[in-house]
Amino acid sequence: MTELNVDAGALDKRIEIIQRVQTHDAARYATTEDKPIQRCWAQFTRQSGTESLRQGADLGTVKVRFLIRTPPVEISRLYLIRYNGDTYNITYVNQYGDRGGFTEILAELRELGGAS
């Protein structure tokens with residue numbers, strides 16, 4: 001069993017994995033709060049149009065791939081990823097390689113520049 005060849009220097013993009021939770025303000029109005037789960041370094045790759053077509057995806061959807069060192073917390077598809085001011089929905093989480101040292105996260109763009 002060998003780990004796939006991953007260049008540690010390619011993990012050069014800072015991402016934040018967040019959980020969006022419903023809370024209430026002092027006036028008891030429902031609000032949304034982003035709770036940080038994990039900050040880590042990642043390799044960021046946009047999927048090509050060909051890859052999106054193979055998956056039967058709408059080409060208007062921006063699909064990306066993050067590769068990170070496997071964090072101590074389990075990553076759920078209910079979490080979001082914030083990168084470079086944009087927010088992404090997690091669509092798939094995969095152990096990368098045989099030893100589990102890296103995790104691959106496939107995601108779709110949800111919000112540009114932090115817009116709600």
Is the shortest heavy-atom distance from the side chain of [X] to the side chain of [Y] under 4.5 Å?
{"X": "Pro72", "Y": "Gln38", "value": "yes"}
{"X": "Leu80", "Y": "Arg110", "value": "yes"}
{"X": "Val62", "Y": "Gln47", "value": "no"}
{"X": "Leu67", "Y": "Thr103", "value": "no"}

When hydrophobic residues are tied together by side-chain contacts of less than 4.5 Å, even through go-betweens, does [X] share a cluster with [Y]?
{"X": "Val64", "Y": "Leu112", "answer": "yes"}
{"X": "Ile37", "Y": "Ile15", "answer": "yes"}
{"X": "Val73", "Y": "Ile17", "answer": "yes"}
{"X": "Val93", "Y": "Phe44", "answer": "yes"}

Exercise for the section: Please work out whether the ring planes of Tyr88 and Phe66 are parallel, tilted or perpendicular, with thresholds of 30° and 60°. Expected result: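 It falls in the perpendicular class, over 60°.
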Exercise for the section: Would you mind telling me which of Arg46, Arg77, Lys63 makes a salt bridge (Lys or Arg N to Asp or Glu O under 4.0 Å) with Glu108? Expected result: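 Filter result, single survivor: Lys63.
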Interatomic distance, [X] atom [atom1] to [Y] atom [atom2] [nearest 0.5 angstrom]:
{"X": "His24", "Y": "Thr31", "atom1": "NE2", "atom2": "OG1", "result": "7.5 Å"}
{"X": "Leu109", "Y": "Ile81", "atom1": "CG", "atom2": "CD1", "result": "12.0 Å"}
{"X": "Leu106", "Y": "Asn89", "atom1": "CG", "atom2": "CG", "result": "13.0 Å"}
{"X": "Arg39", "Y": "Ile18", "atom1": "CZ", "atom2": "CD1", "result": "12.0 Å"}

Practice task
Could you tell me whether Gln22 atom CD has more than 12 heavy atoms of other residues or ligands within 6.0 Å of it?
Solution key: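 Check passes, neighbour count above 12.
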Exercise for the section: Start with the C-alpha gap between Glu104 and Arg65, add the side-chain angles, then the distance that decides, and say whether side chain to side chain contact (heavy atoms under 4.5 Å, CB included) holds. Expected result: CA-CA 7 Å; Glu104 174 184 49; Arg65 175 183 173 262; 2.7 Å; yes
Closest approach of [X] to [Y] (non-hydrogen atoms, all atoms of both residues):
{"X": "Cys40", "Y": "Ile68", "answer": "SG-CG2, 3.9 Å"}
{"X": "Tyr29", "Y": "Asp25", "answer": "N-OD1, 2.8 Å"}
{"X": "Tyr79", "Y": "Glu74", "answer": "CE1-O, 3.6 Å"}

Practice task
Please say whether the positively charged group of Arg14, taken as NZ for Lys or CZ for Arg, lies over the ring of Trp41, i.e. under 6.0 angstrom from the six-membered ring centre and within 45 degrees of the axis.
Solution key: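 Yes, a cation-pi geometry holds between Arg14 and Trp41.
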Practice task
Kindly say whether Thr32 contributes a backbone atom to a donor-acceptor pair with the side chain of Thr23 at under 3.5 angstrom?
Solution key: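 Pair absent, no side-chain N/O of Thr23 close to backbone of Thr32.
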